[in-house]
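Below: the structure, in structure tokens.
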Amino acid sequence: MSGAAAGGDSLRPTQLLRRSRPFRALFSARLVSYAGDSLSLVALMFHVAETTGKALAVSLLLLVGDLAPSLLGPFSGALADRLNLRRLARVS
């Protein structure tokens with residue numbers, strides 16, 4: 001059921017960007033973060049290629065960058081579920 005059919009306001013993404021300042025701020029922050037992540041990866045690849053001079057090193061960098069979160073994600077998720085978040089964030 002769409003937002004309009006449910007009685008709520010249904011806005012297109014462009015309308016939402018124009019009308020909602022908090023959404024614009026979130027969208028802009030995500031856009032800058034994505035661009036920074038992409039540029040830092042490119043810079044790291046250039047650095048590794050220039051330092052080692054081997055394409056294998058660059059390919060291993062990309063492989064580890066993709067596999068590490070996949071392999072460590074379940075373990076870090078289980079660990080995060082066991083931690084007391086109030087104690088971790090020092091919220092009383």
Side-chain angles (χ1 to χ4, degrees):
M1 182 181 296
S2 69
D9 288 337
S10 178
L11 297 174
R12 292 193 315 253
T14 54
Q15 291 175 327
L16 192 57
L17 278 171
R18 277 192 299 249
R19 292 183 185 178
S20 175
R21 186 167 189 249
F23 184 74
R24 264 195 321 268
L26 175 66
F27 182 81
S28 300
R30 295 286 298 174
L31 188 65
V32 168
S33 176
Y34 179 75
D37 288 346
S38 300
L39 288 175
S40 67
L41 178 61
V42 170
L44 186 59
M45 287 179 357
F46 279 135
H47 174 71
V48 169
E50 201 171 293
T51 304
T52 63
K54 297 184 180 183
L56 180 63
V58 175
S59 64
L60 287 175
L61 170 74
L62 293 173
L63 185 66
V64 168
D66 284 341
L67 286 181
S70 300
L71 295 176
L72 297 176
F75 299 111
S76 60
L79 179 64
D81 288 342
R82 293 176 185 254
L83 294 176
N84 182 355
L85 296 180
R86 287 186 185 263
R87 182 173 163 213
L88 186 65
R90 295 185 191 252
V91 175
S92 45

Donor-acceptor contacts under 3.5 Å from residues 55-79 side chains, at least two apart:
{"unit_1": "S59", "atom_1": "OG", "unit_2": "A55", "atom_2": "O", "d": "3.4"}
{"unit_1": "S59", "atom_1": "OG", "unit_2": "L56", "atom_2": "O", "d": "2.8"}
{"unit_1": "S70", "atom_1": "OG", "unit_2": "D66", "atom_2": "O", "d": "3.3"}
{"unit_1": "S76", "atom_1": "OG", "unit_2": "L72", "atom_2": "O", "d": "3.1"}
{"unit_1": "S76", "atom_1": "OG", "unit_2": "G73", "atom_2": "O", "d": "3.1"}

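- Qualifying side chain to side chain contact (heavy atoms under 4.5 Å, CB included) partners for R21, counting only residues two or more places apart in sequence or in other chains: R24.
- Looking only at distances, no side-chain donor or acceptor of E50 sits under 3.5 Å from a matching main-chain atom of H47.
- With sequence neighbours excluded, the residues that form a side chain to side chain contact (heavy atoms under 4.5 Å, CB included) with L26 are R30.
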For residues 36-45, which side-chain donor-acceptor pairs fall under 3.5 Å, sequence neighbours excluded?
{"unit_1": "S38", "atom_1": "OG", "unit_2": "Y34", "atom_2": "O", "d": "3.0"}
{"unit_1": "S40", "atom_1": "OG", "unit_2": "G36", "atom_2": "O", "d": "3.2"}
{"unit_1": "S40", "atom_1": "OG", "unit_2": "D37", "atom_2": "O", "d": "2.9"}

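- The line from CZ of R12 to CD of Q15 is 4.5 Å long, rounded to the nearest 0.5 Å.
- Around the CZ atom of F27, the shell of radius 6.0 Å holds no more than 12 heavy atoms that belong to other residues, nucleotides or ligands.
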